[in-house]
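Shown next, in structure tokens, is the structure this report addresses.
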Protein chains: 2
Amino acid sequence: MDRFLSSAVNRIDAKGRVSVPAHFRAVVQKRGYGDLYALRALDVPALDVGGLDLLDRYEQRISLEDPFLQAADDMSFFIHGDGAFLKFDQDGRITVTDFIREHTGITTDVAFVGRGTFFQMWEPSRLEEYGAQVRQRLLRLRQAASARSLGEGTE
Amino acid sequence: MDRFLSSAVNRIDAKGRVSVPAHFRAVVQKRGYGDLYALRALDVPALDVGGLDLLDRYEQRISLEDPFLQAADDMSFFIHGDGAFLKFDQDGRITVTDFIREHTGITTDVAFVGRGTFFQMWEPSRLEEYGAQVRQRLLRLRQAASARSLGEGTE
DNA sequence: TGGGGATATATGGGCGTCAACGGGAATAAC
DNA sequence: GTTATTCCCGTTGACGCCCATATATCCCCA
């Protein structure tokens, strides 16, 4: 398996370290990532974590912009300057920095969530809340869709 | 790693020196920069720091302007006449000059921000404020894009 | 089927190394 | 002489390396 799937919650120890789930570590190795790179998710209190190829995608996107306009500068600032390296110790743990705590609200436990080509780090209770919201939205979407397909002029 | 990534805040000591983050120093060496060259960023209170190839980027910018207009002349003056060399001591520190303090508002601490091919020096609280603005703009960009892709006649 | 290891994972903690930082003294500049 | 810069050394705290332990899972074999 070479994709980040499923989720797990691990505890932060007294030194501020937390184990990355073994399954995720296997994916990291298979993909040949040395260090991990973490970016802030823009609309949720979570971090997007992956290899440096996470940046390739963004840099490709930036190259489409006029390099002297604000948009390009913002994008570069965000991915190059507003990220952080996560270094494994040899037991597969990373240290939870202030950068991580600030953006996510993480204090004692970390929820790791697979997202295919990358994974996310969440404060567990916030993740749960967010999950409920997502399910709610999907349910409404589905209901709206079936309402539309029944009576075409319902709205 | 050959790009300036992530950020760090270091303190200025009583002699006016500040350590350049070790990771950045490694990049500097890998890129073969002897001394560093610092330019005022055009629209933010920060310094752009890198090798002399930094000038290439700005000269390219200037070449886009009409040479008969004042803008091109202003930019050239700004860049060629208003830069400064930053010399490392043998512990990897640079001295914070009045030039740096004036343009950035730096007093006791320096935030180093990776920007890929160069890095920036900021006054930490100003950086934080600017980062929040950038994320806000990027979020709006993203939301505008998804609104467009959902309902085509929403606007 | 059930017991008893062997293995893997998460977690805790000791300890050495290195980067950041502070300061003394030599050297250069004015 | 005075000031500023450069070199060198010591301190400190964070982080990486290493080892130990507890728990769960799997596998083999009786």
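First the proteins, then the strands, lettered A, B, ... as listed; each starts at 1.
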Quick one: the dot-bracket string of DNA chain D, using Watson-Crick and G-U wobble pairs with both distances under 3.5 Å, [ ] for crossing pairs and | for bases paired to another strand. ||||||||||||||||||||||||||||||
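- Between B/Tyr37 and B/Asp48, the side chains place no donor N or O within less than 3.5 Å of an acceptor N or O (distance only, hydrogens not considered).
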Please test A/Glu102 against A/Arg40 for salt bridge (charged side-chain N to carboxylate O under 4.0 Å, His left out), starting from the C-alpha separation and ending with a verdict. CA-CA 10 Å; A/Glu102 257 173 56; A/Arg40 301 177 195 250; 5.2 Å; no
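- Contact of B/Asp91 with D/dC9 (side chain to base): a donor-acceptor pair of N or O atoms is detected under 3.5 Å.
- Both A/Asp13 and B/Asp13 lie close to DNA chain C; mapped to their nearest nucleotides by heavy-atom distance, the more 5′-ward contact belongs to A/Asp13.
- Comparing C/dG13, C/dG23, C/dA20 against the side chain of A/Lys15 picks out C/dG13 as the nearest.
- In the set C/dG23, D/dC9, C/dA10, the nucleotide with an atom closest to the side chain of A/Ser19 is C/dA10.
- In this structure, A/Trp122 has its ring center under 6.0 Å from that of A/Tyr130.
- Closest contact between the side chain of A/Arg17 and the listed nucleotides D/dG16, D/dC17, C/dA10 involves D/dC17.
- Nucleotide C/dA10 holds its C1' atom 12 Å from the CG atom of A/Asp89, rounded to whole Å.
- In this model, a donor atom of one side chain and an acceptor atom of the other lie less than 3.5 Å apart for A/Ser125 and A/Glu123.
- One cannot find a donor-acceptor pair under 3.5 Å joining the base of C/dG12 and the side-chain atoms of A/Arg11.
- Contacts of A/Val18 with the nucleic acid, taken as non-hydrogen atoms under 4.0 Å apart, are absent.
- For B/Arg93 against C/dG22, a side-chain-to-base donor-acceptor contact under 3.5 Å is present.
- The aromatic rings of A/Phe119 and A/Phe112 are tilted relative to each other, their planes meeting at an angle between 30° and 60°.
- Among the nucleotides C/dA10, C/dA19, D/dC8, the one closest to the side chain of B/Gln90 is D/dC8.
- A/Asp91 has no carboxylate O lying under 4.0 Å from a charged side-chain N of A/Arg17, or vice versa, which leaves the two without a salt bridge.
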